[in-house]
Trainee: 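The structure that follows is given in the form of structure tokens.
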Amino acid sequence: MAKGDPGVSTRSRRAAPRSRKGTGGDPELVQLLTPEGERIDSVVGPDGTVYSVDFTDEEYRGLYRDLVLVRKLDAEATALQRQGELGLWASLLGQEAAQVGSGRALRTQDMAFPTYREHGVLYCRGIDPIMPLGLFRGVDQGGWDPNEFKFNMYTIVIGAQTLHATGYAMGVAMDGKTGTDDGEAVIAYFGDGATSQGDVNESFVWASVFNAPLVFFCQNNQYAISEPLERQTRVPLYRRAAGFGFPGVRVDGNDVLASYAVTRTALDNARHGQGPSLIEAYTYRMGAHTTSDDPTRYRIASEVEAWQAKDPIARMKAFLTKQQIVDADFFAEVDEQARRESLHLRERVLAMPNPEPVTMFDHVYPNGSPLLDEQRAKFSRYMESFEGSAH
Ligand SMILES: Cc1ncc(C[n+]2csc(CCOP(=O)(O)OP(=O)(O)O)c2C)c(N)n1
Ligand SMILES: [Mg+2]
């Protein structure tokens, strides 16, 4: 889908022929597309909000294309790491719908604060997918301009970006940028494990009492490395919001339509001055935590298989096929585009120049720092001490 404002076009919309009202079987889960690819017309959330989407056929196809491309580029990055071309990679496998749905729900003016796994949101923001690979290859510090793309730098310190997002969102409100349809909203991504961090809980308090225009988007992928969800909480995570004084909702994170619907609603509420909310995108990390992790040490194969049956791409494919929204060549054409783009990504990663080691001090602060200047000078002298030697 094109960057901008998908899902609000008034052109030839497709009604959901087998539509029904419901919750997909789980009263606590907002779902608009079942694992079998059946469309649910609208769903009522825990606070009475009605969630639905109204996409054109072209927009449905665009969402599918996004999901496939994001998965393929992610798989290519994992392969590059395995071949020694990246130092590390944090795969999003299984979380494509949570990320594409929420990423496409952002309006151009909205600001996002990611963790280290939001490659799908990054893609939706229109950032070249090569950018995070430079970071994980260790040749630069990310490369994109957060202000240009309204997408902050990746944050590895668990939960820290929720504080940054809260401060940013408070600033947005203080600058008078909320209260209209064109107002600005902020979204902060984090994981289930991060909800146990002090930073995240402090963010909840501050965002709440200052009515910050902020959406807390928790991808509950069931694990914090090897720690399962039951070591983080005894209640569904979305219910914690009530204790902080703002609404919470749990969405099927493997359903791109529902992820879009709840995020767009939460962002619009925030931009209109109605304050923060928490979205718990209930999903599953189908791969390892990172390429340094071996999940077979702590989880059983049948659990992974059960979640494979809820695959976000398979259900969208089933929906497009059942509703005859695609012609015979569509899926092959998308696969071919994904193959081409991942090959292009690979070629560009292999061609990345090795930077001079001293450049690691660049771009840490916008205007430098005396301490860093001192370290740079010391490091330069150290590197010069090798000049003329064999190494
Ligand atoms: C403050 C802090 N503590 C510990 C770590 C090490 N660490 C990296 S990822 C991770 C688990 C995070 O789990 P979760 O928040 O569920 O996110 P996920 O990776 O599952 O998306 C931990 C503990 C860290 N990066 N930062
Ligand atoms: Mg997690």
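In each ligand, atom 1 is the first atom listed, and ligand 1 is the first ligand listed. Note that the numbering runs from 1 along the sequence shown for the chain.
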Trainee: When you measure from the centre of the six-membered ring of F149, is the NZ or CZ of R125 closer than 6.0 Å and no more than 45° off the axis?
Mentor: no
Trainee: How about Y64 and F331: are their ring centroids closer than 6.0 Å?
Mentor: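 Yes - the distance between ring centres of Y64 and F331 falls below the 6.0 Å cut-off.
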Trainee: Specify the closest pair of heavy atoms between D311 and M286, including all atoms of both residues, with the distance to one decimal.
Mentor: OD2-CE, 3.3 Å
Trainee: Under 6.0 Å from the ring centre and within 45 degrees of the ring axis: does the NZ or CZ of R299 meet both conditions for the six-membered ring of Y223?
Mentor: yes
Trainee: For residues E36 and T34, is any side-chain donor paired with an opposing acceptor at under 3.5 Å?
Mentor: yes
Trainee: Considering residues, nucleotides and ligands other than R348, do more than 12 of their heavy atoms fall under 6.0 Å from its CZ?
Mentor: yes
Trainee: Short of 2.8 Å from the Mg ion (ligand 2), name each protein N/O/S atom, waters not counted.
Mentor: D192 OD1, N221 OD1, Y223 O
Trainee: Regarding D268 and R271, does a basic nitrogen lie under 4.0 Å from an acidic carboxylate oxygen?
Mentor: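 Salt bridge: yes.
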Trainee: What pairs of donor and acceptor atoms, side-chain ones from residues 112-122 against any protein atom, are under 3.5 angstrom apart with sequence neighbours left out?
Mentor:
from	atom 1	to	atom 2	distance (Å)
T115	OG1	R117	N	3.0
T115	OG1	E118	OE1	2.7
R117	NH1	S91	O	2.7
R117	NH1	H289	O	2.9
R117	NH2	H289	O	3.1
R117	NH2	H289	ND1	3.1
E118	OE1	T115	N	2.6
E118	OE2	Q219	NE2	2.7
H119	ND1	Y154	OH	2.7
H119	NE2	A90	O	2.6

Trainee: Would you be so kind as to tabulate the donor-acceptor pairs closer than 3.5 Å made by side chains of residues 157-164, with sequence neighbours excluded?
Mentor:
from	atom 1	to	atom 2	distance (Å)
Q161	NE2	Y189	O	2.6
T162	OG1	G159	O	2.6
T162	OG1	S203	OG	2.9

Trainee: Heavy atoms under 4.0 Å from ligand 1: which residues qualify?
Mentor: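 Close residues (ligand 1, cut-off 4.0 Å): Y116, R117, I156, V157, I158, G191, D192, G193, A194, Q197, N221, Y223, A224, I225, H289.
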